[in-house]
4 protein chains.
Amino acid sequence: MPTHPASLFSIATGSPEPIYRQLVEQVRRLSASGQLRPGDEMPSVREIAQALTLNPMTVSKAYGLLEMEGVLARRRGLGMVVAESAAPAAKADIVGLLRPTLERAATEARQLELDSDTVLSLFATILKETK
Amino acid sequence: MPTHPASLFSIATGSPEPIYRQLVEQVRRLSASGQLRPGDEMPSVREIAQALTLNPMTVSKAYGLLEMEGVLARRRGLGMVVAESAAPAAKADIVGLLRPTLERAATEARQLELDSDTVLSLFATILKETK
Amino acid sequence: MPTHPASLFSIATGSPEPIYRQLVEQVRRLSASGQLRPGDEMPSVREIAQALTLNPMTVSKAYGLLEMEGVLARRRGLGMVVAESAAPAAKADIVGLLRPTLERAATEARQLELDSDTVLSLFATILKETK
Amino acid sequence: MPTHPASLFSIATGSPEPIYRQLVEQVRRLSASGQLRPGDEMPSVREIAQALTLNPMTVSKAYGLLEMEGVLARRRGLGMVVAESAAPAAKADIVGLLRPTLERAATEARQLELDSDTVLSLFATILKETK
DNA sequence: GTGGTCTAGACCACA
DNA sequence: GTGGTCTAGACCACG
């Protein structure tokens with residue numbers, strides 16, 4: 001599935017999370033979950049920049065980091081593609097990407113002295129809302 | 001419960017989370033859950049700074065924010081105490097403090113195309129580990 | 001040895017090698033060879049930028065990469081220091097840093113059908129000149 | 001020696017070295033060392049492009065530069081040949097082609113504070129491996 | 001004071 | 001057309 005527009009991404013300009021990092025993490029997740037597959041062409045820096053009204057350098061920085069990570073590969077003069085080495089992750093690995101945030105939530109819950117049942121039922125509710 | 005030394009706090013200097021914010025949120029949680037009760041004396045800025053090898057200004061900034069929030073109160077010449085208005089929160093409010101992190105986890109899960117059952121069971125496991 | 005001025009670095013603005021990369025590699029070598037030791041404070045971005053008449057962002061980019069590599073560590077609000085994990089490399093590793101360039105030279109020599117003795121004696125001459 | 005297919009060249013698309021430059025330098029070395037002799041016919045742009053799956057424009061650019069340098073000559077309608085003026089170089093000139101890379105290696109060695117003996121013995125080892 | 005992020009815009013190298 | 005580099009300058013977060 002050749003990725004067409006730049007509407008893949010949703011950026012929260014107000015967030016404390018830097019824009020370039022939001023891009024990096026979204027691409028990482030899209031790749032891990034198989035929504036982006038090796039060989040898929042990424043939208044050009046300029047396309048994304050225009051679609052999201054960002055500075056091209058911001059997008060470029062994200063692409064650069066993703067290349068260093070091995071998620072994307074540069075085809076000189078031709079744009080970026082999803083790297084062959086970035087095959088969709090095994091389910092165990094996908095799950096692993098979620099771990100840090102869940103661990104943080106668990107730590108906070110413990111500090112709040114909330115019991116597991118309360119926390120789990122809250123999370124279940126939120127998961128339904130988000131869907 | 002007289003607040004002992006500054007070993008209440010655990011600070012991760014390596015984390016992207018600013019130090020002052022780590023302090024703020026830990027106090028907020030301790031207060032909401034009733035581990036810190038109105039009238040409890042807080043350790044002095046100097047004590048905390050020394051115990052955790054932090055810049056006193058960092059601790060001071062956290063205290064300032066907590067005072068603005070009404071969690072702590074400044075008693076001139078006597079240091080900070082937990083504010084009377086900071087009674088342990090109702091359970092609903094305590095739960096609310098956990099929401100943002102869980103919402104973030106839910107968003108990430110959706111981007112990873114993980115179904116709710118998988119995510120919930122992972123979270124249950126992590127909650128047990130953390131305990 | 002606290003690193004004082006920014007005269008540690010020599011930048012060739014004319015080179016095809018990007019400036020930020022020249023900086024990265026020089027710091028890497030200085031660290032590996034023990035001329036920069038863990039804990040040493042690096043000159044600030046602004047100092048280097050001014051001393052070498054570069055844009056601060058160019059220096060910042062280099063520092064950012066060096067942090068990702070684990071060569072430097074950020075002390076928030078206080079500047080960069082040589083990371084503890086960046087202990088001077090064992091001699092074998094230092095030698096390893098030189099390998100890629102020597103391998104390239106060897107490949108070129110072979111393509112030029114030069115015999116080893118000729119190449120080695122040329123290299124010996126150059127090493128003396130450079131000293 | 002009639003130049004066979006395009007298997008003369010080995011291109012590393014992943015390298016930071018631009019492709020057209022890799023081609024130029026390989027031809028230059030083959031000519032200097034006498035592996036390509038005046039009058040030898042070069043493979044056509046299309047042949048090389050197809051054999052190495054390169055953009056023909058890339059190959060063409062390399063040929064253009066080599067023509068400007070006087071290494072190749074264009075025979076209208078008949079393709080490129082090795083120029084008469086490109087007689088195998090004198091040994092001193094061949095050696096000169098290797099200089100830049102060796103100088104770079106020497107500079108890096110000095111920055112790593114390695115002594116000449118160590119470096120030379122490492123290079124000798126690598127030369128044997130490469131052979 | 002420190003580094004980080006983003007924007008705006010120019011220029012270059014590559015295919 | 002592609003991405004990369006650099007400059008200039010503003011603004012922010014942190015300590």
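Throughout, a chain's letter reflects where its sequence line sits, starting with A, and its residues are numbered from 1.
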- Query: Tell me: CG of A:L66 to C1' of F:dG4, nearest whole Å?
  - Reply: 16 Å
- Message: Counting C-beta onward and ignoring hydrogens, is there a side-chain heavy-atom pair between A:M80 and A:E67 closer than 4.5 Å?
- Response: yes
- Among E:dT7, F:dC6, F:dG4, find the nucleotide with the atom closest to the side chain of A:E67. F:dG4
- Does a side-chain heavy-atom distance below 4.5 Å link D:Y63 with D:L23? no
- Do you know the tightest heavy-atom contact between C:A86 and C:V71? CB-O, 3.5 Å
- Query: Over how many whole Å does the gap from C:Q50 atom CD to F:dT7 atom P extend?
  - Reply: 14 Å
- Starting at the 5' end of DNA chain F, which residue's closest nucleotide do you reach first, C:G77 or A:L78? A:L78
- Is the phosphate of F:dC14, meaning OP1 or OP2, less than 4.0 Å from a side-chain N or O of B:Y20? yes
- Query: Quick one: is E:dG3 close enough that its OP1 or OP2 comes under 4.0 Å of any side-chain N or O from C:R74?
  - Reply: no
- Task: Remember a base hit wins even if backbone is also touched, and classify C:R75 as base, sugar-phosphate or nothing at under 4.0 Å, heavy atoms.
- Result: nothing
- Task: Write down the distance between CZ (C:R46) and P (E:dG3), rounded to a whole number of angstrom.
- Result: 6 Å
- Quick one: A:Y63 OH to F:dG3 C1', roughly how many Å, whole number? 10 Å
- Task: Would you please confirm or rule out a distance under 4.0 Å between OP1 or OP2 of F:dT7 and any side-chain N or O of C:T58?
- Result: yes
- Message: Which nucleotide wins on minimum distance to the side chain of C:M57, given the candidates F:dG3, F:dC6, E:dT7?
- Response: E:dT7
- Take atom CD of C:E17 and atom C1' of E:dC12, then tell me their distance rounded to the nearest Å. 16 Å
- Tell me what A:I19 touches on the nucleic acid: a base, only sugar-phosphate, or nothing, going by heavy atoms under 4.0 Å. sugar-phosphate
- Message: Suppose we define a pair by two distances each less than 3.5 Å, Watson-Crick or G-U wobble; what does F:dG1 pair with here?
- Response: E:dC14
- Whichever of B:N55 and C:R21 has its nearest DNA chain F nucleotide further upstream toward 5': C:R21
- Would you please confirm or rule out a distance under 4.0 Å between OP1 or OP2 of F:dG4 and any side-chain N or O of A:S60? yes
- Kindly indicate whether the side chain of A:R76 and the base of F:dG3 share any N or O donor-acceptor pair separated by less than 3.5 Å? no
- Task: On DNA chain E, check which nucleotide each of C:S44 and A:P18 is closest to and give me the residue with the more 5' one.
- Result: C:S44
- Task: Would you please confirm or rule out a distance under 4.0 Å between OP1 or OP2 of E:dA15 and any side-chain N or O of D:K61?
- Result: no
- Message: Whether C:E17 and C:R21 form a salt bridge (side-chain N of Lys/Arg under 4.0 Å from carboxylate O of Asp/Glu) is what I want to check.
- Response: no
- Nearest nucleotide by nearest heavy atom, which residue falls closer to the 5' end of DNA chain E, C:M80 or A:T53? C:M80
- Message: For the CD atom on D:Q50, are there more than 12 heavy atoms of other groups (residues, nucleotides or ligands in this structure) within a distance under 6.0 Å?
- Response: no
